[in-house]
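Read through the structure below, which is laid out as structure tokens, and then see the notes.
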Amino acid sequence: HGTKNGGDCDSVGTWVPTDAGPEGGTCTLSTDIQITGTGYGITLASSRVTLDGAGHTITGNSIVSGYANQHVAVHICDRCHTIMIKDVIIDTFAWGITSWNTNGIIITDVTLQNIGKIGIDLNSVAGMLIENNIISAPPISVTGSFHAMSLSGVNHSSMQGDGSCIGTGQYVSNGQSAPMVIKNNQITHGIIQFGTATGWCIDGNTITKGTFRINNSHLDIPLHLGGSYPPTNHIIKNNQVTGGGFAFYLLGDGNTLDSNISNNNEIGFVFAGGSQNNIIINNTANDNNSHGFKFEEGSTGHRLTDNID
């Protein structure tokens, strides 16, 4: 923390200190990396750090882990900010990229393959752009057991998404909002799960044999106590899911689902009990085995326009 010295970067690439602040810089890899240990492969230990893989591969040795700090390809230091990871291939780890309380992050043009547990695991994140990544489970994976992404924001009232679909990965001041964008990613055999979050944009992603799971977790007023779900107000558009179970599973209020496609899944769009007042427009549910659109008991108040079932 707090330096521009680059740590071990010079042993695998080139380090250029940043001019943007008192710490950080860019590490550009010049070689592939083989990780032989069981903990973190690479740790980004400071704010304002960019890891540019320059097309190189970071390879691990196990897709199995009993703990969140075992067999992790890239770990970001707690409460660090202004982070970028780009143009790198991550292969054969239990966890791909992990962080807690990161403020301002871009993950782009990253391939995560043969990942056993979670590809991108960001907890309590603010100011985020995850774009143009390819994520896949090992060939032996059982459909539904692998999370391509597990993402949660800070809370429902502070440092939320601002509803924009133009991501910048910018640092967010306390109490402010900024774009929270997940865009144009390709997922195979995996779930994208969103926890505590408001005002995110999920746009143009493709899943084969998996699920978009929009969960309003860590609820402020649980339904079993007689309350209702806080609004989540996500923009969920232009996404496609093929050949899975539940293609889109939504637990939340006030979201807009626009021009999404479910092909050959068990159920196309599931709105969990208690989910209310969502705008559902121009979505297509093709050749799903059980239901195109399913509204569980207590899921009411939606506005449906020009959907195809």
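Sequential numbering from 1 along the given sequence is applied to the chain's residues.
Residues Gln186 and Asn133 are not in side-chain contact: their nearest non-hydrogen atoms beyond the backbone lie 4.5 Å or more apart. Annotation: side chain of Ser259 is not in contact with side chain of Lys237 (no heavy-atom distance under 4.5 Å). Side-chain contact check for Ile90 versus Ile115: some heavy-atom pair is nearer than 4.5 Å. Between His71 and Thr38, the closest side-chain pair of non-hydrogen atoms falls below 4.5 Å. Asn289 places a side-chain heavy atom less than 4.5 Å from the side chain of Glu266. Considering only heavy atoms from C-beta on, Asp258 stays 4.5 Å or farther from Ile235 through its side chain. Counting heavy atoms from C-beta on, the side chains of Leu122 and Thr102 never come closer than 4.5 Å. For the pair Ile182 and Met149, the minimum side-chain heavy-atom distance is below 4.5 Å.
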As a quick check of understanding, evaluate side chain to side chain contact (heavy atoms under 4.5 Å, CB included) for Leu251 and Phe271, giving each step before the final call.
CA-CA 6 Å; Leu251 176 59; Phe271 295 85; over 6 Å; no

In sequence, state the C-alpha distance, the side-chain angles, and the governing distance for Val181 and Ile130, and then conclude on side chain to side chain contact (heavy atoms under 4.5 Å, CB included).
CA-CA 6 Å; Val181 179; Ile130 301 177; over 6 Å; no

Criterion side chain to side chain contact (heavy atoms under 4.5 Å, CB included) on Asn185 and Ile134, from CA distance to verdict
CA-CA 6 Å; Asn185 300 285; Ile134 300 172; over 6 Å; no

Yes or no on side chain to side chain contact (heavy atoms under 4.5 Å, CB included) for Lys183 and Cys201, after CA distance, side-chain angles and deciding distance?
CA-CA 8 Å; Lys183 191 171 186 177; Cys201 176; over 6 Å; no

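We find the OH-CD1 distance between Tyr249 and Ile191 to be 12.0 Å, quoted to the nearest 0.5 Å. Here the NZ atom belonging to Lys4 is positioned 10.0 Å from the OG atom belonging to Ser46, to the nearest 0.5 angstrom. To the nearest 0.5 Å, atom OG1 of residue Thr256 and atom CD1 of residue Ile281 are 8.5 Å apart. Of the inter-residue distances, the one linking Asp8 atom CG with Cys27 atom SG reads 9.5 Å to the nearest 0.5 angstrom. The structure places OG of Ser30 at 6.0 Å from NE2 of His56, a figure rounded to the nearest 0.5 Å. The distance from the CE atom of Met180 to the OG1 atom of Thr168 is 10.5 Å, given to the nearest 0.5 Å.
Counting all heavy atoms, side chain and backbone alike, Cys9 lies closest to Thr28 at SG-N, 4.4 Å. Among all heavy-atom pairs drawn from Pro22 and Arg48, the shortest one is CD-NH1, 3.3 Å. In terms of heavy atoms, Gly243 sits closest to Lys209 at O-CG, 3.2 Å. When all heavy atoms of Ser47 and Cys80 are compared, the closest pair comes out as OG-CA, 3.4 Å. Nearest heavy atoms, Asp253 versus Gln276: OD1-N, 2.8 Å. Shortest non-hydrogen contact noted between Val110 and Lys86 is CG2-CA, 4.0 Å.
Side chain of Asn278 to main chain of Gly252: a donor-acceptor pair is present (N/O by atom type, distance under 3.5 Å, no hydrogens or angles). The closest donor-acceptor contact from the side chain of Asn265 to the backbone of Ile267 lies at 3.5 Å or more, if one exists at all. Side-chain atoms of Thr188 do not come within 3.5 Å of backbone N or O of Thr208 as any donor-acceptor pair. In this structure a side-chain-to-backbone donor-acceptor pair under 3.5 Å is present from Thr211 to Phe246. One N or O on the side chain of Asn61 and one on the backbone of Ile35 form a donor-acceptor pair closer than 3.5 Å.
Grouping the Ile, Leu, Val, Met, Phe, Trp and Tyr side chains by contacts below 4.5 angstrom, directly or via other members, places Tyr40 apart from Ile33. Following chains of ILVMFWY side-chain contacts shorter than 4.5 Å, one cannot reach Ile105 starting from Trp95, and the two form parts of different hydrophobic clusters. Residues Val12 and Val88 share a single hydrophobic cluster, defined by chaining ILVMFWY side chains whose heavy atoms lie under 4.5 Å apart. Residues Ile120 and Ile118 do not share a hydrophobic cluster, defined by chaining ILVMFWY side chains whose heavy atoms lie under 4.5 Å apart. Note: the hydrophobic cluster containing Phe93 also contains Val74 (ILVMFWY, side chain heavy atoms under 4.5 Å, direct or indirect links).
Sparse packing is recorded around CH2 of Trp100, with 12 or fewer heavy atoms of other residues, nucleotides or ligands lying under 6.0 Å away. Heavy-atom neighbours of Asn69 CG from other residues, nucleotides or ligands within 6.0 Å: above the threshold of 12.
Side-chain atoms of His75 and Thr43 form no donor-acceptor pair, as typed in the model, at a separation below 3.5 Å. A side-chain donor-acceptor contact under 3.5 Å links Asn288 and Ser262. A donor-acceptor pair shorter than 3.5 Å can be found between the side chains of Asp91 and Gln113. A donor atom on one side chain and an acceptor atom on the other are found under 3.5 Å apart for Thr232 and Asn255.
Ring geometry for Phe212 versus Phe194: interplanar angle under 30°, hence parallel rather than tilted (30 to 60°).
Proximity of the aromatic rings of His81 and Tyr171 is defined here by a centroid distance below 6.0 angstrom, and this criterion is met.
Results of the side-chain contact (heavy atoms from CB on, under 4.5 Å) test with Ile85 over Val49, Ile76, Thr50 single out Ile76 as the only residue that passes. Results of the side-chain contact (heavy atoms from CB on, under 4.5 Å) test with Gln34 over Thr57, Thr92, Thr59 single out Thr59 as the only residue that passes. With respect to Asn307, the side chain to side chain donor-acceptor pair (under 3.5 Å) criterion is satisfied by exactly one of Thr284, Asn282, Asn283: Asn283. When each of Asn238, Asn205, Asp203, Asn239 is tested with Asn260 by the rule side chain to side chain donor-acceptor pair (under 3.5 Å), just one qualifies, namely Asn239.
In this view, Asn184 and Glu131, Asn132 satisfy the side-chain contact (heavy atoms from CB on, under 4.5 Å) rule, not counting sequence neighbours. Annotation: side-chain contact (heavy atoms from CB on, under 4.5 Å) contacts of Ala178 (sequence neighbours excluded): Gln170, Val172.
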